[in-house]
Amino acid sequence: MEIGQILQQTIKDIVKTYDGDVQVEIEQPAQLAHGDYATNIAMKLSRVAKKNPYEIALDLKEKLVEKELPVKQIDVVRPGFINFFIAWDRVNFFSSTTKQVDKQKVVIEHTSINPNKSAHIGHLRNACIGDTLARMMKQDHQEVETHNYIDDLGNQLADTLTALLHTESNKPATRFGDYCWDVYSSLNQLYDKGELSTDKRDDVLHKLEEGNNSISWLGYAVADKLSAEHVEEMGQFDITYDLLVWERDIVANGFWDRAFEKLQTSEVFFKQEHGPQAGCWVIRTNEKQEASEGSVEHQADKVLIRSNGVLTYTAKDIAYHMWKFGLLENDFLYKPKTETLWTTSAVGQSQPFGRGDAVINVIDYRQEYPQKVVKQALHAAGYEKEAAQLKHVSYGVVSLSKNTAAKLGLETVEGKAVYAMSGRKGIGIKISELILEMKEAIRVQSPEANEETIEALTFAAIRYNMLRYNTTSDIIFDLDEATQVTGNTGIYLIYTYARANSILQKAQAAHLTSTDGSFADADDAERAILKHVSGWNGTVERSISELEPNLLCTFAFELASLYNRFYALCPVIKATPDEQKRRLKLTELVKEQLEMIFSILGLPKLERI
RNA sequence: GCGCCUAUGGUGAAAGGGGAUAUCACACGAGAUUCCGGUUCUCGCGUUGUGGGUUCGAAUCCUGCUAGGCGCGCCA
């Protein structure tokens, strides 16, 4: 049990004598002088007890000091805070408490880039969040399976195919995706100028949907090549997948037919007989719809089967999600793509993929409505548990700052601070471009580092930068800021880890040991670290329950800052024997903690730089 | 038209969903360290869109306004 939990439970037992249902909360004060843990319970109780909060706090303190707690001092401070100073020598940091194995299986879908051109930094944000969530849950002993969805029957691929067939680019490109990036925007500019109609694209889309024709096979080859480039690029950031899922395989295996059968029993799924959606199979998503048929441009029922019989994206997504939960009788066939990656395939073998107890989709907030429709469909088919376990990790999009937009040649406007990326206009920052900039910045900063180290630092810095924002926040991406090598960066964390390792190696060479080191007499800089580390498990639990990886980034940065401050203030090797042991033990604790964090955040553990 | 979200120093981002002088980074200014090899540390500088409300107490809750964004497609 964690310190905070111990204190919370103890206080809960004590306040039972008070009337009222008041939530006991234990927090870590911002200021060290306010103790290592604290509670405001007395001020909360003052309302029901009709008593001075300071007096309530004094009363509670008297009861608390009688308990067996790993506490060496309890202060009561006006207006009614109770501050606890922990006896750190009685806290076991190094115990490996084996958590009860949770048998739940989680299927996480992330990355899922349209196979139409190279990936940009918005795609990278998705992939970093998804991969880190997977690592968090594996850390929490859950069974995790990560999927990368390839929409090879959509307009975007059709556009890229049309562009490849009808336009050229003379820009240098070393990757197929970069070439497609350019011709894709060339095509859209032709559309915009009216020099090309979308008929050709529509025809291409139609042939993709038909299957087994030249365009269809060509599209598959293009999507295969592009998705392979995407996966390879993500691999540089240590982002991995278990399975690639192809949309064409969802169609080919008849998932929708089974899903249709399951939905048919519902009253909210029906064939629309009149109005603009006549002839379509639709699902009712808004219960208000029946009451207001006036405005048909908005809030119409969601079409799942077009009047010409073709499935919409949402229909395929519903079927796909039924499969994710293991609700369909039919399944994909699979084949290995690499040693660690599988892919759905027209020919292959059976494998136990999918069948999740929980499903997490990492998709930006603009897809909230389609996600809602899928959840509604699960409800409609009677799958309440699955609907409840379908979770949408909604994240903000990555836009460009004015500074960066200007660098890309956009016309910036006075007073407008945020500029959207646009694939159609070819406006955006490819991941490869960011890598080049970051690598150069690190090379300038560390001219003597070897190439392997520069590479590792580059990917770490970029990945960390993508993770450290609140998931729901938009990122206003500034290229100068993103390539900083100082401040709250992955580089700072890695240097801190190298610094700790350096001390430990030095101590080992001098035959110094941390055995019998005690935190009983830890001074302030040391206490701050112990206090912070003691909150780790709480941070992980909260990060998982809220699906917020950035809480771990905040924790890591604060730990690194505290350790560097300790480094400046507290000599380790040139200290007294008692201080040596204690501080070496503390350094070991910090090293171990950072290793755990790096495993989750996907950062490399460089012992030297 | 309807619905949803957001607003924090010059810039970017936090603040566990009421509690201690609102934190961090960058920028700008000043200082220290230059070694336990490691890009580090300390200090200063500045502020919660706006009006009203609830409360002992509001960045956090309610509400009006203002500004910005998103969604509602037989697209994906």
Side-chain angles (χ1 to χ4, degrees), chain A residues 25 27-31 33-34 38 40 43-44 46-47 53 77-81 83 114 151 153-158 205 247 272 276-282 285-286 288 292 294-295 297-300 302-308 310 312-314 316-317 364-370 372 396-397 399 401 403 416-418 420 445-446 468-470 472-478 480-482 484-489 491-492 495-496 498-499 502-504 506-507 510 538-539 542 546 548 550-551 553-554 557-558 561 564-575 583 587 608-609:
Chain A
E25 288 165 11
E27 62 184 354
Q28 290 191 305
Q31 293 191 23
H34 293 162
N40 64 354
M43 290 173 288
K44 287 189 171 184
S46 71
R47 195 185 277 247
V77 181
R78 290 185 186 277
F81 290 101
N83 296 337
N114 278 314
D151 180 1
L153 298 182
N155 263 334
Q156 280 85 358
L157 177 59
L205 179 60
E247 180 160 317
Q272 184 67 268
Q277 295 170 338
C280 297
W281 282 85
V282 303
T285 58
N286 191 340
K288 292 178 191 174
S292 62
S295 63
E297 281 186 34
H298 311 284
Q299 300 182 44
K302 186 63 181 175
V303 174
L304 297 185
I305 308 177
R306 298 180 181 115
S307 54
N308 63 3
V310 176
T312 62
Y313 174 88
T314 304
K316 289 176 274 189
D317 211 26
D364 77 57
Y365 63 82
R366 294 169 297 184
Q367 306 302 319
E368 186 178 333
Y369 175 62
K372 178 186 162 192
V397 298
S399 302
S401 71
N403 177 46
K416 182 177 168 72
V418 181
Q445 179 217 23
S446 308
R468 69 185 180 89
Y469 299 91
N470 264 332
T472 56
S473 297
D474 284 357
I475 289 181
I476 303 173
F477 186 86
D478 185 273
D480 293 335
E481 275 187 32
Q484 270 172 357
V485 294
T486 59
N488 188 359
T489 64
I491 295 169
Y492 180 77
Y495 281 124
T496 303
R499 171 173 263 186
S502 195
I503 293 177
L504 292 176
K506 199 89 164 185
T539 299
R542 182 180 164 212
E546 294 180 13
E548 280 281 3
N550 73 299
L551 299 178
C553 296
T554 300
F557 178 66
E558 286 176 15
S561 297
N564 283 305
R565 187 169 185 271
F566 157 85
Y567 183 95
L569 292 174
C570 306
V572 178
I573 293 172
K574 292 176 183 172
R583 290 170 179 174
T587 300
R608 288 185 68 86
I609 291 169

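Every chain is numbered from 1 and lettered A, B, ... according to where its sequence line falls, protein lines coming before strand lines. Remember, it's a predicted structure, so these values are computed and weren't measured experimentally.
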What's the [atom1]-[atom2] distance between [X] and [N], to the nearest Å?
| X | N | atom1 | atom2 | value |
| --- | --- | --- | --- | --- |
| Lys372(A) | rC5(B) | NZ | C1' | 14 Å |
| Glu368(A) | rC4(B) | CD | P | 11 Å |
| Gln277(A) | rC75(B) | CD | P | 10 Å |
| Tyr567(A) | rU40(B) | OH | C1' | 8 Å |
| Phe557(A) | rA14(B) | CZ | C1' | 11 Å |
| Tyr365(A) | rC5(B) | OH | P | 14 Å |
| Ile491(A) | rC26(B) | CD1 | P | 13 Å |
| Met43(A) | rA20(B) | CE | C1' | 8 Å |

Please tell me which of the listed nucleotides, [options], lies nearest to the side chain of [X]?
| X | options | answer |
| --- | --- | --- |
| Cys280(A) | rA14(B), rC70(B), rC74(B) | rC74(B) |
| Arg542(A) | rG16(B), rC70(B), rG71(B) | rG16(B) |
| Glu481(A) | rU11(B), rC24(B), rG19(B) | rU11(B) |
| Asn564(A) | rU40(B), rA20(B), rG12(B) | rU40(B) |
| Arg306(A) | rC75(B), rG12(B), rA20(B) | rC75(B) |
| Arg366(A) | rC74(B), rC70(B), rA20(B) | rC70(B) |
| Thr312(A) | rC75(B), rG71(B), rU11(B) | rC75(B) |
| Tyr369(A) | rG17(B), rG71(B), rU21(B) | rG71(B) |
| Gln484(A) | rA25(B), rA15(B), rG12(B) | rA25(B) |
| Leu551(A) | rA15(B), rA20(B), rG12(B) | rA15(B) |

Does [X] reach a base, just sugar-phosphate, or nothing at all? Heavy atoms under 4.0 Å.
| X | value |
| --- | --- |
| Ala38(A) | base |
| Ser473(A) | sugar-phosphate |
| Arg499(A) | sugar-phosphate |
| Glu25(A) | sugar-phosphate |
| Asn83(A) | base |
| Pro79(A) | nothing |
| Asp478(A) | nothing |
| Asn308(A) | nothing |
| Cys570(A) | base |
| Asn155(A) | sugar-phosphate |

OP1 or OP2 of [N] under 4.0 Å from side-chain N/O of [X]:
| X | N | value |
| --- | --- | --- |
| Asn488(A) | rG12(B) | no |
| Asn470(A) | rA14(B) | yes |
| Tyr492(A) | rC41(B) | yes |
| Lys44(A) | rG19(B) | no |
| Thr486(A) | rA27(B) | no |
| Arg565(A) | rU42(B) | yes |

Closer than 3.5 angstrom, by distance alone: can the side chain of [X] be matched with the main-chain N or O of [Y] as a donor-acceptor pair?
| X | Y | answer |
| --- | --- | --- |
| Asn83(A) | Ala38(A) | no |
| Asn470(A) | Thr472(A) | no |
| Arg583(A) | Pro571(A) | yes |
| Ser561(A) | Phe557(A) | yes |
| Ser399(A) | Ala420(A) | no |

My understanding is that a pair needs two contacts under 3.5 Å, Watson-Crick or G-U wobble. By that rule, which nucleotide pairs with [N]?
| N | value |
| --- | --- |
| rG64(B) | rU50(B) |
| rA15(B) | none |
| rC2(B) | rG71(B) |
| rA58(B) | none |

[atom1]-based separation of [M] from [N] [nearest Å]:
| N | M | atom1 | answer |
| --- | --- | --- | --- |
| rU66(B) | rG46(B) | C1' | 25 Å |
| rU21(B) | rC61(B) | C1' | 24 Å |
| rU8(B) | rA59(B) | P | 15 Å |
| rU6(B) | rG49(B) | C1' | 11 Å |
| rG9(B) | rA14(B) | C1' | 14 Å |
| rG53(B) | rA7(B) | P | 23 Å |

**OP:** Could you go through the side chain to side chain contact (heavy atoms under 4.5 Å, CB included) check for Leu153(A) and Tyr313(A) one step at a time?
**Re:** CA-CA 9 Å; Leu153(A) 298 182; Tyr313(A) 174 88; over 6 Å; no
Original post:
Ser307(A) or Pro571(A): which one's nearest nucleotide on RNA chain B is closer to the 5' end?
Top reply: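 Nearer the 5' end of the strand: Pro571(A).
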**OP:** Take Thr539(A) and Lys302(A), find for each the nucleotide of RNA chain B with the closest heavy atom, and name the residue whose nucleotide sits nearer the 5' end.
**Re:**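 That would be Thr539(A).
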Subject >> Is_stacked (Phe81(A), rA20(B)) at 5.5 Å, 30 deg >> reply: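 Base of rA20(B): stacked against Phe81(A).
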Original post:
Is Glu368(A) atom CD crowded by more than 12 heavy atoms from other residues, nucleotides or ligands, each under 6.0 Å away?
Top reply: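 No, not enclosed.
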Original post:
Step by step, would you call Tyr567(A) with Thr496(A) a side chain to side chain contact (heavy atoms under 4.5 Å, CB included)?
Top reply: CA-CA 10 Å; Tyr567(A) 183 95; Thr496(A) 303; over 6 Å; no
Original post:
So how far is it from Thr489(A) OG1 to Glu481(A) CD, rounded to the nearest 0.5 Å?
Top reply: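 Nearest 0.5 Å value for the OG1-CD distance: 12.5 Å.
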**OP:** Show your reasoning for whether side chain to side chain contact (heavy atoms under 4.5 Å, CB included) applies to Asp474(A) and Tyr469(A).
**Re:** CA-CA 8 Å; Asp474(A) 284 357; Tyr469(A) 299 91; over 6 Å; no
